[in-house]
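Taking it in order: structure first as C-alpha cells, then the write-up.
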Amino acid sequence: MGWFLENAWLIPLLPLIGFAVITLTPIQRNKNASAWLATLLMVGATIIAVGTAVEVAGGVKIAMDGTVAAHAEESHAAEPAAEKGAGHGFEWRDPNIVRTIRWAPAGGDVPFTMGYIIDPAVAAMLMMVTVTATCIHLFSVGYMAHDPRQARFFSFISLFTAAMLAMVMASNLLLFFMAWEIMGLCSYLLIGFWYDKNYADPNQITPRQAAIKAFITTRIGDVLFMIGLAWLWTEAGTLELGAGPGQVFNPELLERLATTTTGIGISAATGIALLIFSGTIGKSAQFPLHVWLPDAMEGPTPVSALIHAATMVSAGVFLTARTFPIFQVSDALPVVATIGAFTALFAALIAVGQFDIKRILAYSTLSQLGFMVAALGIGGWVAAMFHLLTHAFFKALLFLGSGSVIHGMEATVGHDSNTAQDIRNMGGLRRFMPVTFLAYMAGFLALAGFPGFAGFWSKDEILADAFRANTLVWVVLSLASLLTAFYMTRQIMVVFFGSFRGHHPRQQPYAFVSHDDHHYEAHDPHESPWTMTTPLVILALFAVFAGVVNLPFDGFHHLADFFGQEAGKLNLLVMGISGAIAIGGILLGWLVYRNAFASSAEEADPLERMMPGVFTVLNRKFYFDELYAATVGVAAAVLARVWTWLDEQVIDRVVVETGRLTRFLGQVNFIVDDALLNDGADLMATGTQVAGDRTRRTSTGKVQDYVALAFAGAVVLGVLYLYLVR
Amino acid sequence: MTDILRSWIGGALPDWVIVLIAYLLVTTIVLFYAVGNFIMMVWAERRVVARMQDRLGPNRVGPAGLLQPIADAVKMFTKEDIVPRSADQWVHLLAPIVSLAPVAMMLAVIPWGRGWEPIDLNVALLYIVAVSAVSGVGLMMAGWGSNNKFALLGAMRAVAQLVSYEIPAVTALLTVVILAGGMSLLELPYMQAGVPLMGATILCGDAAGCSPSLYTTVTSFPGSPGEPVQALDLGLGWWVFTPVGLLGFIVFFIAALAEGERTPFDIPEADSEIVAGYMTEYSGMKFATFYIAQYILNFALSALAATAFLGGWQGPGVAALANMGGPWVHVAAALSAFYLLAKIWVLFFVMIWLRGAFPRLRVDQLMDFAWKLLLPLALVNIVSASLMVGLTQWTSAQWGGLLSLDGFAPWQRQLIAILVTAIINIAAAYWILSINQRPTQEEWIEEELVVAS
Amino acid sequence: MTTEIQTEPTEVQTTRGGVYVIDRSRPRLRAGQGLLTGLDVVFRHFRDALTRKLEKPSQQTGVFTVQYPEERLKLPEAFRNFPILLYDDETGHELCTSCFQCQRICPPQVIHMTQARDPSTGKPVPAVAEFLIEYDACMSCGLCAEVCPFDAIKMDHEFEYSTDVHGGLTINKEALNRPISYYEKIAPSFWAEVKDSAMKKLQGNMKRRPDLIGVAPQMVEKIRAKRAESAAAQAPAPASATPDAAPADKAARLAAARARAAEKTAAEASAEPVSESTPADKAARLAAIRAANAAKKTDEGATEAPAPTGGAPTDKAARLAAIRAANAAKKSAEGADAASAPPAAEAPAPTTGDAPTDKAARLAAIRAANAAKKAAAQNDGSEE
Amino acid sequence: MPSMTEAVPLPWVLTLAGALFCVGLFGALSRRNTVGILLGIELMLNAVNINLVAFWRYLEPNVVAGQTFALFIITVAAAEAAIGLAMIIAIYRARQTVNADEVDSLRG
Amino acid sequence: MNTLITILFVVFAAFILASAIMTVTVKNIVHAALWLISSFFGVGALYLLMEAEFLGVAQVLIYVGAVSILILFAIMLTRDLEGSQNRQLTPRWWIALIVPAALFGLLIVPTVMTYAWQLPPPPAGQSPAISGAQQIGTAFMREYLLPFEVAAILLLVAMIGAIVIAFEERERRRRVLTLAEQVRLRRQQRQPAPLPEPAATAIQASEATGGES
C-alpha cells in the first residue's frame, strides 16, 4: 500500500524522460522509435496514475513521516461541510500525500518548495490526463505517420503532458505557474507545428500566425495571473497549497484576505481571485480572450484533441477549482458565473454557423468550458469537476474522430485543410468509416446530453446546481445546451448522413490553380488504421459510461464522495427539462438538416436560407476578430501615432526651442561679455589656462602615474590619521 | 620507518636526527626504486616495441640486453655538455632540474604497499596535480632558454598540451575524490577492498562464523556509516570495475598519456616536425635528466592511476595475510607492493603497446580530443559519481524524502547504483561520440568545395 | 573485437608464380573501433614475435631479425660482390686468356693485368701473368664478368672484407684464383649454362700455353712437386731449366713471368722485392704491371713516344708513356750501365716507409722506376 | 606539536606581507612593460593572501573564512591574469607595443 | 622545534622577498616571470608552514601551474619587440620607489608593530582545530554559497572575456585535410557530373506529354 502514492512523482517524470530522450539522443532520427517510446512511457505513466487513483480511492494517506494510514471511509466526507446554500459545500480536504523539497530561499519564513501533492481531485485529473494523453499518443502514431517532423511532434507533446501532469500535481502555486507556462509554450509550439504552411487566401490565418495569436492572447491572462500570485504572496507570504499554517488556504489567512480592503474598494480576496480568474479566462478561452482557441485548430488534430479540448484548456477551470477557497471568501463568484454562462451561450451560437469540422468542435469546447466556469461561479464545484472529466473524454473522442474523418477525407480531396475539414464536402461517411462513425455518435450523444450518456449526467448536475442557485444562469445554460444539441446534430447530419460529396468539393475562392488532387477522385474515404481507431473505441467507452461515477441518485454520488464534497441533489424537474432540451435539440437539428446539401456541396446552409443575416453574423463569429482588430489593434496603432506625434511635435519642439533660446541668450551674453567683461575675464582666463597647463602635466595618461598618485594620497591620509589626528 | 629506526638506535641520537635520517632513508629508497624502474622501463620499452615491430631489440649488452640502459647512461654521462652561445645560460641550466624535481616530488605521497607510505598528506591528490603542473614551467624554461625556434615551439606545444589535459585528468580524479570522500591517497586502497563490482558490500551474515581469511573489517560502508562490520574481501573491489571508475580510469589514463607525452600525444617532441621539441638544444646529462623526468613521470602517473582506480596495492590475499598478524603483516606488505608494481608495469606495457600501434595526433586533433571528448565524458562521470555516492550512502533524509533506499541491503543499493551509473555513462558516451563523429564524406566535400571556390 | 580483419593470406597462381593475396577489406568502423583494431593487430605481432620466427612469406607475424654473425641468410645465386678468377680443378689452368676485355670495361678502372709471354720465344701466350683487382674501389657492378668471353672472371658471394687498411684490398692473382668447383657450388645453374663452351675454349687455350704458364700459382707447386716426384723416379733430367731460376716467392715468379730477358730476370727479381708482403709490395707489383703494359705499348710506338709529352696527356696510357719516355730519355743519357742501379735503389725506399699513406705517390714512384727500367732495357735492346 | 603561532609573532608575518605588498606596488608602478605591471599586481595579491591566512591562523583557527577568502582572491587573481594578459595581447596587436608609457590615450 | 620553525620562517621570508625584489628589478621580463614563480613557491611554503595545506597546494596549482604559465605565454606572444637591452623602468621610477617606501615605513610597520593583537591564549594540551579541505568545501557549499557562485561566474566571464578580447579574426578557418581526404576530394572533382539517365528523361518526357493531353 502506498507505493503508487510514494512514487507518484514518476508520472510527470516519464513523459519528461520521453521528451529528453527524443530531443537529446539520436533516437530522434527514427520516427517510429520516438513515437513508440513516447507512447510506451505514457502507458507507464497511465498505469501509475491509475494505481494512484485506486490508492486514493482506497483512502490511503501518507503523512510526512511516511506512516501509511488506510481508512476506507473518511468520516468527514459524510457530514456536510457547511450549510451555506446549494453547492457551496467546497472544503479543502487534507491531501493523501505531500512530498516537497526546498529549492530556493524566499524572503519570508517559508522557502519556495517543489513537490507534489495528491488528493482525490488531483488523482482524478491525473487519471483523466494520462488516459486521454495515452489515447492521443496512440492516435498520433497513426495520424502523424507520414509527417517528416514526427519525432519533434512527440517530443513536444511529451513535454506538454509532463507539464500538465506536473501542474496538476503541483504542491505550490509557483510550481503550478511554471508548469502552466511550459504548457503555454508547448501550445505555441504545437499550434505552429506546421509553421511552413501557407494558404492561398491571404486573409486566412496560418499556423504560425495562429500560434502567435494564441500565445499573446493567453499571455494577457497569464500576466494578470502572475500579478495575482504576487499579490497573494505579498499578503500570505507563501504559495503552498493547503490549509495548514503557512499555507494559502489557512482559514485565518482567508479571513484576513476577505476582510482586507484595498484602495479600489474591493477586498484583497476579491482582487486576487479576479486576477487568478484572469488566468482561467486566458487559458480556458473565456469570453473576452476566447478568440485564440478556434484559430488554434490550425495545429495538428491530436494537438487539438489533447491540448485544446481535453487538458490544457480545462487547466484553466482546474486553476479556479484549485484555488476555490479564495473564491469562496471573495465576491468574485458572480463574475465567474456571468462570464461562464455568457461564454457558454455565445460560443454555442457561433458554433451553429461554422463549416469547419474542427472549428465547430472548438466553439463547442468554448461553450462547454463556459458551462464549467459557470458551474464554479455558482458554487457547483463537484459538478464542474465532473463535467471537466466527462467533457475531456468525449471531447477528446470527438476531436480524434474528426481527425479520423479528416484523415479519411484527405484520401479523397487531398491534403488541403480547407477542403478536407469543410463539412459541406463530407456526407454519408458512415458507410466508409463505420468504427469512426459509431465512436463519433457516442461522443455526439454525450456532448448533446442525450439521457444516459456521460455528458447528460454531468451537464444535468450543473443545470441542477444552477437552477437552485440562479435562475438566470440556468436559463442561459439551458439555451446553450439546446444549441449544443442542435449544432452537434447539424454536424452529424452533414458529415455522416446523406450522400458523399467529396468527389466534387466546393471551389475554394483562393484555391491553387494547379491541383494535383485530381487523381484522388477515384478513392473513397477509408477507415483509419488500428492505431487511430483503438483510442476512439476506448474513449467512446468512457463517453458512454463515464457518467455512472456520479449519478444524481442517493448512494451513487461516487465522485462527490471521492472528492469528499457535498453531493448535488436530485432534481427530477431539471433532469426532465434538460433531457427534453437535448432530445428537442437533436430533433430540431434533424428537421433542419435532414436534407441539407443533398444536391451538392455548393448549396447554401438551410439555416442561411431561413435567416441569412443572423447566419452571417454567426458565421463571422459575431465579428469579434474584426472588433478586436478595430478596437485593440486600432488603439495600439493610434497610441503609436500619438506617441510619435508627441515625440516629434512636443518633445522635439521643446528641445529645439530651448536650444534657440539658449543661443539667443548666448548672443546677448556675448555682447555683454565682449564689451564689458573682456579684460578682467581675459586675465582670469589666462591665469586659468596657465594653471590648467601646469595641472595638465599631472594627467599623463599613464595608468601607473595615476595609481602612484592614488597611493601617495592614501599615504598622506594615513600619515595624517596616524600622526596628527590620533 | 621512524619507529623501526627508533627501536634500532634507541636513545643514542636525538629524536630529530632519527626523524631526519628516516626521511632521508625513505627518500633515497623511493628515488632508487623509481630510478631502478626507469632503467627497466627503458629496456622494456625498447624490447617490447621491438617485438611489436617483429624485431628483437637490444640483446647484445648483457643477458638479453639488460645492461643496455647502463651503457646508454655511461654514454650520456661522458658526452659533451653543449650550451648554445646565444642561450640563456641559467635558464638553460635550470630547466632540466625544474622539470625533474616536481616529478620526483610526486613520488612522495604514493602508497607503495600496505603500510609502505612515505608521507600521509590529506590533500595528496591535489598535491600530485599541483606538483605535476609545475613541470610545465621547466619545459617553458627549456624552450625559451635554448633560444631556438624548434625548442620554443616544442615548449609551447608541450605546455598547451599539459594545461589542456590537466583539466580532464583532474576532473577524472574528482570522481575518485567524490567516491572516497577525501583527497588522501592512503585511504584509497583500503576503500577498494571487497569483490569485483560490488566492493565491500557483501556482509557477513553471522558475525561469529566468518573466516578472517575471507572477511575483513570495514568501517565505512554504505548504509551504516561508522559501525565496523565484516565484509567479504577478495581484495578486488577496484573502482575500475564499476561504471564510474571505468570511465574515470579511461579518461584519466588517456590524459596521463598526454601529460607524460606518450606516443599518440608526443607532439611536443615530434621529431619529424620540430627536431626534438624543447630538448633540441640539450645533450649529455641534461638531456638525460629530461629523459629520466619523462619516464619517472610516466611511472608516477601509472602508479597514481593504479592507486586511484585499480586498487593500488590491493589484491587477493593481502588482507588475509595481514589478518594473520605477526610477521605475516610484512609478507602482506611485500605482496601488496608486488601487486602495485605489477599494475604499474601492466599500465606501462599498455603505454608501450599504444606507442607501437598508433601514429601521432595533430595539434588541433589533440585539442579537440581533450575539449570535445574527454572533458564532457569526465563531467558526466562526475554526475554519475555523485549519484553513485548518493545511491549507496545517503539516507532518505538526505534525498529530501524523495527517494528512500533505507531498507535495502548494501549490495542491493550498490547494484542499483551500478545500473543507474552504467546507463548514464553508456548513454553519455554514445551521445558524445555520436555528436563528435566526423562529417560524412558529402558534408566535407561540400565544405571544401565552397572553400576552394 | 568483433571484426576479424586479418584473414589468412591465400596463394594465387599467376603466370609468373604464386602471389599471396591478403583481404584487407573490412566493414565500416564505428567511433573508436579502428583504434581497438590497431591495438589488436599490434598485440598479435607482439605475441607471435615472442614465440616464432618469420619464415614463410605468407606469414605476417613473427620475428624477422637475422642475428647476422651467428645466422646467415642463404644468398641467392645471382648475388654478386667482388670478382674472382677461375681455374680448372684438375689441370690447374686458368680460364683467363688476358684478353683485357674486363680491364677495358671496368668503370672504376680497378682491374690490371699483364699477359704472360713464352719465356723461350718472348711471344705472348693466351694466359695471364699477373692479375690485380683493387677491391677497395670496386663497385661490384659485375660488368667484368659479363664481358668475359672465356667465363674466367665471375662474381663471388663473399662479402666480409672489412679492414682498416685500404692497400690490403688490392688482391693479386693467387688470391683471386678459385677452382671451378667453388663457383659451381655457389652458382650451379649459372655454371651449368656456360660450362661446355668455357671448357672447350680452355682446352684450346691450354694447347697454346707452354709448360706451366697459365697455371694457377696454387697448383704450380703441386704440379711441380708431382713432376719432381716423377723426375726423381726416372732420373735427374735436364728438362726443366726454368725452375732453377724461379725462386719460391711470389714476387720472383711475377718477375719471371714479366721479364723478357731470362738472364736479367733473376737478378732483378731478387733485388726488387722486400721481405714482407706489405701493401707496398702489392702496390709495387701493380706498378710493375702498369709499367710493363706501358712498355708493351711503347713497343708498338716507340718512335711516337716523345710526341705526347708536348700535348696535354688525357689518357692514362699516354700519361704513363710520357713518364716512361721521360725516364727513358734520362736513363739513356746516363748510359746502359747505370740503368738498372737507380731503380733497384729507389724501389725499396717507398716500401720501407712504415706509413704509406700516399698511395698515389708511391704508385707513381714505383711506376716511374719500373718504366724507366723497362725503357732502358728496351732501348738497349732496340739500339743494339 | 610545535606550531607557527608560538614560534613566530604575528607582526613578523604581517610585516613580511606588507613588504611584499610594497615591493609589488613598486613593480606595478615602475615597470615599463605591461606584463611587468601585471607581475607586480600578482605580488600584491599574494601579500594580501598571506595576511588573510596569517589572521586565520593566529586569530581564528577554527573559522574557515580566512582560507575561503584567500581562495576567492586566488580565483580573482586567476581571472585578472587571464583578462589582463588578453588585454595586453590586444593592445600589442593594436599598437605593436607593450610599454605602459606608450599607452597613454588618457593623456589630458 | 620552535627555533627550527623560526629559522624556516626567516628563510622563507627572505626567499619570498628576494624573489619579489628580483621580480620587479630584473631586466629581462622572462626572468622576472621566473622569479615571480619562485616567489609564489615561497608563499606556498609559507602557507604550509602555517598549516594551510590545502591553500598551499592550491597556491602551487593555480599560481605556478596556471597563472605563471599564462604569463609566460603572454610574454612569448608579445616579446619580439621587447629586447632585454631596452630600458625596463619608467622615467619616474623614483616616484614609484618613494610611494611604496613611504607606505611601508610610515604606515605598515608602525601600525603592525604598535597594534595590540588580541591573540587567543595558546591552547592547553591539544592544538586547536584546524580547518582542512573538507571544512573549506563545506563552507563553500553552505555559508559562502553565493560568493562561490559569483566567483564561478567571474571565472566564466573572465574566460569568455579573455577569448573575446584576444581573439584574432581569421579570414576563414580552413580545415586541414588528411591525405586520404585529399585523394578522395581530387577523385571526386575529377569525375564529371553524372549524366541524367535516359530512362528518367523518357519518363519525364512522357509525363510532360501526358500532362498536356
Side-chain angles (χ1 to χ4, degrees), chain B residues 44-61 64-65 246-247 250-251 253-254 257 262-265 346-361 365 368-369 372-374 376-377 426 428-441, chain C residues 1-11 19-74 159-160 162:
Chain B
E45 172 143 23
R46 293 180 66 175
R47 292 284 289 180
V48 172
V49 154
R51 294 286 182 181
M52 284 168 180
Q53 297 160 352
D54 296 341
R55 299 183 289 115
L56 285 174
N59 62 351
R60 295 278 151 177
V61 192
L246 182 63
L247 187 56
I250 291 171
V251 171
F253 189 68
I254 293 175
L257 287 179
R262 291 295 310 188
T263 278
F265 306 107
V346 167
L347 290 182
F348 185 69
F349 174 77
V350 175
M351 288 183 178
I352 301 172
W353 188 8
L354 295 174
R355 178 181 165 184
F358 295 153
R360 182 157 52 229
L361 263 70
Q365 292 168 336
D368 277 6
F369 191 70
K372 294 187 185 167
L373 201 73
L374 288 186
L377 280 177
I426 291 171
Y430 178 71
W431 183 45
I432 290 168
L433 283 176
S434 74
I435 61 177
N436 271 321
Q437 257 174 357
R438 289 163 62 127
T440 60
Q441 196 177 343
Chain C
M1 291 313 296
T2 55
T3 52
E4 178 69 25
I5 59 105
Q6 208 178 17
T7 54
E8 278 303 311
T10 53
E11 188 172 1
V19 174
Y20 288 102
V21 177
I22 300 169
D23 181 18
R24 290 192 192 280
S25 66
R26 57 173 70 108
R28 185 171 176 270
L29 295 177
R30 304 266 165 210
Q33 214 170 327
L35 297 177
L36 294 180
T37 311
L39 284 178
D40 181 42
V41 170
V42 169
F43 189 79
R44 215 172 295 168
H45 276 275
F46 175 68
R47 187 193 61 206
D48 291 346
L50 285 174
T51 53
R52 68 178 188 188
K53 288 178 79 75
L54 191 69
E55 275 148 3
K56 293 180 303 199
S58 67
Q59 210 172 303
Q60 295 179 47
T61 56
V63 171
F64 63 69
T65 304
V66 176
Q67 303 214 46
Y68 159 63
E70 290 89 16
E71 304 170 12
R72 284 159 189 273
L73 288 178
K74 189 171 170 293
F159 54 86
E160 289 162 313
S162 88

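What you are looking at is a predicted structure, and each value in this text was computed from that prediction instead of being measured. Naming: A, B, ... by sequence-line order, numbering from 1 per chain.
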Side chains of [X] and [Y], heavy atoms from C-beta outward: is any pair under 4.5 Å?
X	Y	result
B/Asp54	C/Val63	no
B/Phe358	C/Leu39	yes
B/Asn59	C/Gln67	yes

Is the number of heavy atoms from other residues, nucleotides or ligands under 6.0 Å of C/Phe159 CZ greater than 12?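 It does: C/Phe159 CZ has more than 12 such atoms within range.
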Counting only heavy atoms not in B/Lys372 (residues, nucleotides, ligands), do more than 12 fall under 6.0 Å from its NZ? no
Heavy-atom distance under 4.5 Å to chain C: side chain of [X], backbone, both or neither?
X	answer
B/Arg60	side chain
B/Phe349	side chain
B/Val48	both

How many angstroms lie between atom CZ of C/Phe46 and atom CZ of B/Arg51, to the nearest 0.5 angstrom? 8.0 Å
Please report whether the ring centroid of C/Phe43 lies less than 6.0 Å from that of B/Trp353. yes
Taking all atoms of both residues into account, what is the closest heavy-atom pair of B/Arg55 and C/Phe64, and its distance?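 Answer, listing the atom of B/Arg55 first, then C/Phe64: CG-CZ, 4.2 Å.
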Sequence neighbours excluded, the answer for salt bridge (charged side-chain N to carboxylate O under 4.0 Å, His left out) partners of C/Asp48 is C/Arg52
